[in-house]
Amino acid sequence: SANQNVRTGRSGSATSPPVEHDTAQKIDVNPPKGTRDFPPEDMRLRNWLFHHFREVSQQFGFEEVDFPVLESEALYIRKAGEEIRDQLYCFEDRGNRRVALRPELTPSLARLVIQKGKSVSLPLKWFAIGQCWRYERMTRGRRREHYQWNMDIIGVPDVTGEAELISSIITFFKRIGLTASDVGFKVSSRKVLQEVLRCYSVPENMFGRVCIIIDKIGKIPMDDIRKDLLSADMSEVAIEDLLQVLSLKSLAKLEEKLGASGEALSDLKQLFSLAEKYGYSEWLQFDASIVRGLAYYTGIVFEGFDREGKLRAICGGGRYDRLLSTFGGDDLPACGFGFGDAVIVELLKERGLLPELNLQVENIVCSLDQELQGAACAVATILREKGQSVDLVLENKPLKWVFKRAARINARRLILVGKAEWQKGMVNVKTLSTGEQLEIKLDELE
Ligand SMILES: CC(=O)Nc1cnc2ccccc2c1
């Protein structure tokens with residue numbers, strides 16, 4: 001086997017063969033490149049974040065779902081030239097199946113919706129929090145995994161779906177102390193792109209590809225953007241016109257350009273009017289350059305951004321009415337968003353909004369001498385059965401050590417089990433904040 005142990009140390013004694021010991025091969029204690037461990041302090045922050053993700057999702061009436069982190073590679077094979085495809089963490093398993101660590105959650109959600117088919121009543125409002133993966137050459141030193149919060153609405157064709165999703169993200173931002181002066185949403189619709197491309201009779205099957213190219217504006221030089229658009233069957237005239245439309249920042253200007261009859265304009269007008277009703281208009285701005293980097297979006301797209309402009313997009317989403325049918329499902333309308341666990345933490349750090357999260361244990365229980373260890377276990381059990389948390393000292397430690405640990409775990413009370421008191425059926429309860437010390441009868445302990 002791979003870990004063939006080389007015999008080490010003294011040879012076997014005359015009577016019995018040598019005991020096989022694994023050679024102590026120093027393993028790398030760091031996690032694989034691009035991945036993170038979550039030691040207690042980091043895990044408390046992650047749990048705090050996910051707690052707010054969950055609370056908001058449930059406050060909006062969404063149900064939690066989950067899927068395997070491993071999916072068939074086929075779920076992600078889209079031909080639009082997306083970055084997510086180039087960085088797919090895929091491999092062939094021992095059954096010769098092409099599989100991938102999921103780079104996003106939406107395709108899994110679409111797969112489950114189709115699997116559930118007629119047995120679920122629409123609209124579906126599902127949310128998930130899951131780890132997503134990408135395989136990047138470590139040249140860029142970026143992470144290869146992150147956790148994403150997704151909320152999706154399946155079966156609602158109107159922009160009321162997108163308006164509700166944006167409201168849920170704003171509710172989340174407010175819960176963690178961010179306001180409209182810290183963050184905002186850039187909103188557009190891919191129908192803007194569609195209407196321009198139609199004017200230049202660019203074939204429909206080029207739509208996804210053009211979107212992915214446009215999404216790279218600001219990330220690669222404009223000359224490369226123009227070159228890529230030419231290779232997507234666009235004329236130079238069409239390219240210049242498209243780039244001019246994408247620079248629009250007001251719906252009025254967009255109306256001048258596209259006219260008032262198109263769906264792009266009516267969707268956006270409806271969305272901004274709903275925003276008024278929700279009371280979150282100040283969080284939104286129209287920005288025609290927003291297309292998002294996923295090929296399957298078909299309508300409204302939006303992304304959360306930090307107004308200081310230092311960080312990458314905080315979250316992003318939109319309408320994807322064709323995804324389910326491309327998977328062979330019914331033509332169900334859908335919209336959703338993804339919210340990563342990385343940028344938001346950077347933003348909170350910047351704004352000094354990271355929460356102070358300390359370990360909090362109510363009681364620390366310890367026996368004052370060896371033969372009372374069993375008594376200490378009994379006291380711990382009494383408190384735990386009352387629903388209290390107890391850190392039970394498991395070895396015979398000096399009192400100095402116990403006080404130090406009590407401080408480190410932020411214990412509210414120190415319960416000492418001493419011989420004299422125990423014989424009277426009592427324990428010593430010390431409230432650590434005040435130093436107050438009482439002898440309490442066991443059955444009065446609370
Ligand atoms: C800022 C960050 O860590 N982004 C990130 C990290 N890991 C990913 C993994 C899969 C897909 C997207 C990902 C995005």
Side-chain angles (χ1 to χ4, degrees), residues 38 43-69 102-113 115-116 120-132 145-156 158-180 182-183 185 187 271 274-275 277-280 283-284 292 294 297 300-304 313-320 323-324 332-345 347-348 353 355 357:
F38 286 88
M43 196 61 194
R44 283 196 287 271
L45 178 61
R46 177 176 134 186
N47 284 335
W48 172 83
L49 198 64
F50 289 14
H51 164 75
H52 286 297
F53 286 161
R54 277 204 175 83
E55 289 267 300
V56 168
S57 304
Q58 283 150 0
Q59 199 179 6
F60 277 71
F62 281 59
E63 297 174 276
E64 186 161 10
V65 293
D66 194 10
F67 330 95
V69 75
R102 64 190 177 199
E104 53 166 332
L105 300 175
T106 306
S108 302
L109 181 130
R111 177 179 61 70
L112 183 59
V113 169
Q115 180 199 124
K116 289 294 167 200
V120 285
S121 61
L122 299 176
L124 290 176
K125 296 180 183 178
W126 287 354
F127 81 94
I129 304 172
Q131 192 173 33
C132 296
E145 53 77 22
H146 74 161
Y147 282 84
Q148 247 195 41
W149 168 40
N150 278 215
M151 290 178 83
D152 292 84
I153 301 173
I154 312 289
V156 172
D158 303 316
V159 297
T160 48
E162 291 91 320
E164 181 77 340
L165 291 173
I166 292 172
S167 176
S168 66
I169 305 173
I170 289 171
T171 304
F172 169 79
F173 281 141
K174 286 178 170 175
R175 279 175 79 108
I176 62 174
L178 290 169
T179 69
D182 297 308
V183 296
F185 288 86
V187 180
L271 182 65
L274 287 168
K277 301 288 184 287
Y278 274 101
Y280 63 64
W283 292 72
L284 302 194
R292 298 300 295 162
L294 292 167
Y297 287 128
I300 293 286
V301 283
F302 56 86
E303 67 186 36
I314 302 166
C315 56
R319 180 158 290 280
Y320 54 95
L323 184 64
L324 278 91
L332 280 178
C335 57
F337 69 80
F339 193 123
D341 70 342
V343 179
I344 186 64
V345 169
L347 177 60
L348 292 174
L353 286 169
L357 304 163

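Between Ile344 and Phe173, the shortest heavy-atom distance links the atoms CD1-CE2, 4.0 Å. Considering every non-hydrogen atom in both Leu332 and Val113, the closest pair reads CD1-CG1, 4.1 Å. When every heavy atom of Asp341 is checked against every heavy atom of His146, the shortest pair comes out as OD1-CB, 3.4 Å.
Counted within 6.0 Å of CD on Gln115, heavy atoms from surrounding residues, nucleotides or ligands total more than 12; the atom is thus considered enclosed.
Under the 3.5 Å distance criterion, the side-chain polar atoms of Ser167 are left unmatched by any main-chain donor or acceptor of Ala163. Arg102 contributes a side-chain N or O that, together with a main-chain N or O of Phe67, makes up a donor-acceptor pair within less than 3.5 Å.
Taking Tyr278 as the reference, Tyr280 meet the ring pair (Phe, Tyr, Trp, His ring centres under 6.0 Å) condition, with sequence neighbours excluded. Contacts of Leu357 classified as side chain to side chain contact (heavy atoms under 4.5 Å, CB included), with partners at least two apart in sequence or in another chain: Arg44, Leu45, Trp48, Pro355. Residues satisfying the side chain to side chain donor-acceptor pair (under 3.5 Å) test with Tyr147, not counting sequence neighbours, are Arg46. The side chain to side chain contact (heavy atoms under 4.5 Å, CB included) test applied to Pro103 returns Tyr76, Ile84, Leu88, not counting sequence neighbours.
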Would you be so kind as to tabulate the donor-acceptor pairs closer than 3.5 Å made by side chains of residues 123-131, with sequence neighbours excluded?
residue	atom	partner	partner atom	Å
Gln131	NE2	Glu145	OE1	3.1

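The shortest side-chain heavy-atom distance between Ser57 and Trp149 falls under the 4.5 Å cut-off. For the pair Ile170/Val183, no side-chain contact is recorded, criterion being any heavy-atom separation below 4.5 Å from C-beta on.
Counting only residues at least two apart or on different chains, the salt bridge (Lys or Arg N to Asp or Glu O under 4.0 Å) pairs with a member in residues 167-178 are Glu55-Arg175.
Exactly one residue among Asn150, Leu323, Ile154 makes a side-chain contact (heavy atoms from CB on, under 4.5 Å) with Leu109. That residue is Ile154.
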